[in-house]
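To find a chain, count down the sequence lines: A is the first, B the second, and so on, and within it residues start at 1.
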Number of protein chains: 2
Amino acid sequence: MPTTSQTTTQPDIYPGTPTRILDAAEQIVQARGFNAFSYGDAAVELGITTAALHYHYPRKTDLGKALITRYASRFAARLKVLDDSHDSARARLDGYVSIYAEVLAQGKMCLCGILAAEYLTLSSDMQTAVREFFEQNEVWLSRVLEQGKADRSMNFTGEVGDIARMIISGLEGAMLVSMAYGDVERFRKVAASLTSLGN
Amino acid sequence: MPTTSQTTTQPDIYPGTPTRILDAAEQIVQARGFNAFSYGDAAVELGITTAALHYHYPRKTDLGKALITRYASRFAARLKVLDDSHDSARARLDGYVSIYAEVLAQGKMCLCGILAAEYLTLSSDMQTAVREFFEQNEVWLSRVLEQGKADRSMNFTGEVGDIARMIISGLEGAMLVSMAYGDVERFRKVAASLTSLGN
DNA sequence: GTCTATAGGCAGATAGAC
DNA sequence: GTCTATCTGCCTATAGAC
């Protein structure tokens with residue numbers, strides 16, 4: 001495919017402005033929150049003006065929505081990689097934890113975790129997108145737990161949906177608290193305690 | 001003690017302005033976050049002007065610091081009640097979970113949980129106060145778990161400090177996610193899964 | 001697509017009257 | 001202690017030139 005136009009959705013080696021805006025905004029939002037993020041912050045980071053930002057994302061909620069959409073689809077891609085690996089349920093659960101740990105290692109909170117804290121201040125389409133992210137995670141994780149239960153490699157008690165919610169909550173909370181300590185190791189230990197419960 | 005002056009720290013049946021300011025600010029901050037909270041919000045709620053607010057809490061961080069201090073001391077008082085009850089370790093753990101559930105039932109996130117999400121935007125004295133809250137919780141919960149381990153009413157594996165952090169993270173995360181669903185029952189189920197692991 | 005310029009609003013904060 | 005009035009700054013957003 002010869003080089004022609006550039007779209008927002010495809011990650012590229014030479015990303016276009018929309019992608020670069022999302023990259024800058026994502027870093028700031030996941031570190032400081034959506035309400036503490038301004039077009040001015042991202043503009044300085046990118047060396048362009050806020051007017052240029054508004055050309056690509058007219059309102060702040062447009063940018064916010066795009067952030068969540070991209071984040072969720074990247075997350076889904078990571079989950080698909082885990083599925084395609086045909087690893088054991090246990091290994092996929094560990095891989096799942098590693099995704100969170102990677103984000104934290106970049107000094108960032110989970111995007112939808114930090115947005116959940118600001119939930120009541122978000123536009124309704126952003127709110128919907130945040131919930132969808134959690135549901136996507138719940139579905140995937142439930143399936144993994146179901147499989148671990150079936151092949152007896154896991155031994156959680158209770159319904160898999162409840163366990164999935166517990167693990168997701170635990171990981172989000174561990175990231176949240178770890179933000180106050182800037183300590184990935186702290187997160188890893190909590191995550192290990194959480195997942196070792198199914199042994 | 002005859003009625004004389006009024007201080008900020010003593011909760012009262014006829015609370016003075018500083019207390020009423022903290023009450024209004026607390027509700028807003030725990031529901032929407034510190035960055036989404038403004039003096040104007042609280043002023044409208046209280047029917048006074050922002051200038052009056054600044055008289056009692058000159059800078060926003062003064063108000064923030066006072067919020068955390070009061071929250072942490074009230075929390076400590078609740079923990080002391082649990083200790084004085086001489087209930088079993090298990091019952092005190094359940095009581096601990098109930099404190100969180102009560103907060104959530106008022107449509108609020110844990111104050112220090114929501115502040116952790118905004119941690120990097122807080123003044124350093126607010127940051128310190130947030131960390132102290134988590135450490136206070138960790139110390140108390142570790143002691144309860146230690147006792148439950150000793151009298152064999154609990155059966156968590158691993159070090160109590162790690163389990164304490166896991167439970168605190170799990171509860172904070174469950175509150176966080178529950179904010180997006182406005183669902184206390186969801187929180188209670190996750191909390192039950194978390195604490196039943198020690199059975 | 002990006003710029004300059006600017007509008008309009010709201011934020012945190014202060015001065016001074018009462 | 002609370003008010004009115006005001007300052008300064010930053011925010012989101014838009015108009016129009018290039």
> Quick one: what's the B/S/- string for nucleotides 3-11 of chain C, heavy-atom cutoff under 4.0 Å, read 5' to 3'?
Replying inline: BB------S
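For the pair L22(A)/L63(A), a side-chain contact is recorded, criterion being any heavy-atom separation below 4.5 Å from C-beta on.
Using a 4.0 Å cut-off between charged side-chain N and carboxylate O, K189(A) and E159(B) make no salt bridge.
Using the six-membered ring where Trp is involved, F75(A) and F133(A) have ring planes that are perpendicular, over 60° apart on the 30 and 60° scheme.
Distance, H56(B) NE2 to dT14(C) C1': 16 Å, rounded to whole Å. Counting to the nearest Å, the C1' atom of dT12(D) and the CG atom of L63(A) are 12 Å from each other. Nucleotide dT2(D) holds its P atom 12 Å from the OH atom of Y57(B), rounded to whole Å.
OP1 or OP2 of dA15(C) has not a single side-chain nitrogen or oxygen of H54(B) nearer than 4.0 Å. Between Y55(B) and dG1(D) there is a side-chain N or O to OP1 or OP2 distance below 4.0 Å.
R90(B) meets the side-chain hydrogen bond (donor to acceptor under 3.5 Å, both in side chains) test with N199(B); sequence neighbours excluded.
Listed by first and then second residue, the side-chain hydrogen bond (donor to acceptor under 3.5 Å, both in side chains) pairs involving residues 113-130 of chain A are N35(A)-E118(A), N35(A)-T121(A), Y119(A)-R131(A), S123(A)-D125(A) (not counting sequence neighbours).
Proximity of a side-chain donor or acceptor of K108(B) to a complementary backbone N or O of E26(B) within less than 3.5 Å is not detected.
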